[in-house]
Amino acid sequence: YENTLSKFPESYYSGLWLLHSLRPNYVFKPYYTNLSFGSVVDAEDSYGRSLIQKSSHASYVKPNSKVYDKPDWMAAKPEVISYFLDPRNFFTPEKIFQFELLGFDPNVHTVQGVKEIIKGSFMDGSPDYDYARIIYEAGKEAGVSPYFLASRIIQEMGYKGESALSRGDLTGYEGYYNYYNIGAYATTEKGGAVINGAKYAQWGKDPDGKEITESEAAFLLPWTSVEKAIKGGALWIASGYIDRGQNTLYFQKFDVLDDGTDKYNHQYAQNIMMAYSEGLRYYRSYRAINMTDNGFEFIIPVYNNMPDSYGRLP
């Protein structure tokens, strides 16, 4: 109680106590956002910040929502946003990893661990690339968890590598790769996000000017190979997110940091389930290599005026 629970609101106690009882080596630290929970829900429920795929979760979609990204990414209902925003819904061994610190730790991260994460995916057993080695080296060089990188690639490219950016064969942009969908912002045009990702891989943030800046060159742009895209993208993520405090999956999805910048606009993904689904993948990978009892550190946000009910999915 003195070391941990007293630093959190009382409504956090039961979930954290459960986790402590099951995983006594885990360390939990609060992050006070100084934001009202309701105001954050309202902010995330605007400008297409929180999307869900209708074909996967039709009941989560806001009625009469427009399509923000083809084929069927639409706005999530406010109660869905509230559920995924509320940390108290995820205080279980399977769900807690969206709050894990994402820095590189040689005592935790291994090539074998990366292999477990990519097992069964398009990167498993590739005859052309040693993906596990490349991803591990990318994490080590960027100071980022390679497990996070592997999971993010699967999240963005698809389990079977459905995205043309994983193969470098997008028509008109052959030979350019973008494994993390960097710069692939959504449009209402079919394939618009993928095209934007390919443009970024070729010319960085100014494809019209066709000039890569010195800082972009440090991210190994243009990404004309698998290794450049994975390692350069890792350096980009470290610089743009990890190093500025968005060092958990949760904070990358929900930009609620009290860091003096505008909130809600620096969010890695519009998918409301991103942090949850990637965190679950982490847990399964750690379990596969018998590491779930290690001393992981978790940063858990706290809001003002949090609801008595944790919320419920439709």
Considering only heavy atoms from C-beta outward, does the side chain of [X] approach that of [Y] to under 4.5 Å?
{"X": "Glu100", "Y": "Thr248", "result": "no"}
{"X": "Lys199", "Y": "Tyr173", "result": "yes"}
{"X": "Lys263", "Y": "Leu257", "result": "no"}
{"X": "Tyr12", "Y": "Thr4", "result": "no"}
{"X": "Ile154", "Y": "Arg281", "result": "yes"}
{"X": "Val80", "Y": "Ile52", "result": "no"}
{"X": "Arg244", "Y": "Thr261", "result": "yes"}
{"X": "Ser151", "Y": "Tyr282", "result": "yes"}

Practice problem: Show the numbers, then the answer: is there a salt bridge (charged side-chain N to carboxylate O under 4.0 Å, His left out) between Glu297 and Lys29? | Solution: CA-CA 8 Å; Glu297 184 173 336; Lys29 294 182 178 179; 3.1 Å; yes
Which atom of [X] lies closest to which atom of [Y], heavy atoms considered:
{"X": "Pro222", "Y": "Lys228", "result": "O-CD, 3.6 Å"}
{"X": "Tyr180", "Y": "Ile230", "result": "OH-O, 2.8 Å"}
{"X": "Lys253", "Y": "Ile272", "result": "CE-CA, 3.7 Å"}
{"X": "Asp69", "Y": "Ala193", "result": "OD2-CB, 4.0 Å"}
{"X": "Ala43", "Y": "Arg49", "result": "O-NH1, 2.7 Å"}
{"X": "Pro301", "Y": "Thr33", "result": "CB-CG2, 4.2 Å"}

Treating [X] as the side-chain partner and [Y] as the backbone partner, does any N or O pair qualify as donor plus acceptor under 3.5 Å?
{"X": "Asn304", "Y": "Ser36", "result": "no"}
{"X": "Asp45", "Y": "Pro78", "result": "no"}
{"X": "Glu278", "Y": "Ala275", "result": "no"}
{"X": "Ser50", "Y": "Glu44", "result": "yes"}

Do [X] and [Y] have a side chain donor and acceptor closer than 3.5 Å?
{"X": "Gln53", "Y": "Asp72", "value": "yes"}
{"X": "Ser277", "Y": "Gln155", "value": "yes"}
{"X": "Gln246", "Y": "Gln267", "value": "no"}

Quiz item: Which is it for Tyr83 and Phe90 under the ring-ring contact (aromatic ring centres under 6.0 Å, His included) test, yes or no, and what are the steps along the way?
Solution: CA-CA 10 Å; Tyr83 180 88; Phe90 307 102; 5.7 Å; yes
Exercise. Name all pairs fulfilling the ring-ring contact (aromatic ring centres under 6.0 Å, His included) condition that reach into residues 16-52, sequence neighbours left out, sorted by first residue then second.
Key: Trp17-His20, Tyr26-Phe296, Tyr26-Phe298, Phe28-Phe298, Tyr31-Phe251, Phe37-Tyr303
Please determine whether residues [X] and [Y] belong to a single hydrophobic cluster, defined as Ile, Leu, Val, Met, Phe, Trp and Tyr linked transitively by side-chain heavy-atom distances below 4.5 Å.
{"X": "Met291", "Y": "Val27", "value": "no"}
{"X": "Leu280", "Y": "Tyr310", "value": "no"}
{"X": "Tyr129", "Y": "Trp223", "value": "yes"}

Self-check item: Cation-pi geometry met for Lys66 and Tyr68 (6.0 Å, 45°)
Solution: yes
Self-check item: Cation over ring face, Arg152 and Tyr179, 6.0 Å, 45°
Solution: no
Could you give the distance from [atom1] ([X]) to [atom2] ([Y]), rounded to the nearest 0.5 Å?
{"X": "Phe148", "Y": "Leu101", "atom1": "CZ", "atom2": "CG", "value": "12.5 Å"}
{"X": "Tyr177", "Y": "Leu170", "atom1": "OH", "atom2": "CG", "value": "12.0 Å"}
{"X": "Ile182", "Y": "Asn196", "atom1": "CD1", "atom2": "CG", "value": "13.5 Å"}
{"X": "Lys77", "Y": "Tyr60", "atom1": "NZ", "atom2": "OH", "value": "10.0 Å"}
{"X": "Leu51", "Y": "Met274", "atom1": "CG", "atom2": "CE", "value": "13.0 Å"}
{"X": "Leu16", "Y": "Ile300", "atom1": "CG", "atom2": "CD1", "value": "5.0 Å"}

Practice problem: Please check if the distance between the ring centroids of Phe97 and Tyr286 is under 6.0 Å. | Solution: yes
Quiz item: Hydrophobic clusters join Ile, Leu, Val, Met, Phe, Trp and Tyr when side-chain heavy atoms are under 4.5 Å apart, directly or via other members; which others share one with Leu18?
Solution: Leu22
Practice problem: Sort out for me which residue in Ser309, Ser14, Ser11 forms a side chain to side chain donor-acceptor pair (under 3.5 Å) with Arg88. | Solution: Ser11
Quiz item: With a 4.0 Å cut-off, would you call Arg312 and Glu79 a salt bridge?
Solution: no
Quiz item: Are the charged groups of Lys115 and Asp124 less than 4.0 angstrom apart, N to O?
Solution: no
Quiz prompt | side-chain contact (heavy atoms from CB on, under 4.5 Å) evaluation trace for Val67 with Trp73 | solution = CA-CA 6 Å; Val67 175; Trp73 284 94; 5.7 Å; no
Self-check item: Heavy atoms of other groups near Asp128 CG, more than 12 under 6.0 Å
Solution: yes
Exercise. Can you establish whether the number of heavy atoms outside Asn25 located under 6.0 Å from its atom CG is more than 12?
Key: yes
Self-check item: Pair Tyr147-His109, side-chain contact (heavy atoms from CB on, under 4.5 Å): steps then yes or no
Solution: CA-CA 7 Å; Tyr147 300 169; His109 302 128; 3.6 Å; yes
Exercise. Applying ring-ring contact (aromatic ring centres under 6.0 Å, His included), run through Tyr276 and Tyr250 and close with a yes or a no.
Key: CA-CA 8 Å; Tyr276 163 76; Tyr250 183 96; over 10 Å; no
Self-check item: All side chain to side chain donor-acceptor pair (under 3.5 Å) counterparts of Glu94, not counting sequence neighbours
Solution: Thr92
Review item, side-chain donor-acceptor pairs of residues 133-142, under 3.5 Å, at least two apart:
residue : atom : partner : partner atom : Å
Arg133  : NH1  : Glu137  : OE1          : 2.9
Arg133  : NH1  : Glu137  : OE2          : 3.2
Glu137  : OE1  : Lys231  : NZ           : 2.9

Exercise. Starting from the C-alpha separation in whole Å, work towards a yes-or-no answer on side-chain contact (heavy atoms from CB on, under 4.5 Å) for Glu211 and Asp206.
Key: CA-CA 7 Å; Glu211 182 176 354; Asp206 186 17; 5.7 Å; no
Exercise. Only pairs at least two apart or in different chains count here, so list each side chain to side chain donor-acceptor pair (under 3.5 Å) that has a residue in residues 158-172.
Key: Arg167-Asp169
Identify every side-chain donor-acceptor pair in residues 233-242 under 3.5 Å, counting partners at least two apart or on other chains, and give the distances.
residue : atom : partner : partner atom : Å
Trp236  : NE1  : Tyr200  : OH           : 2.9

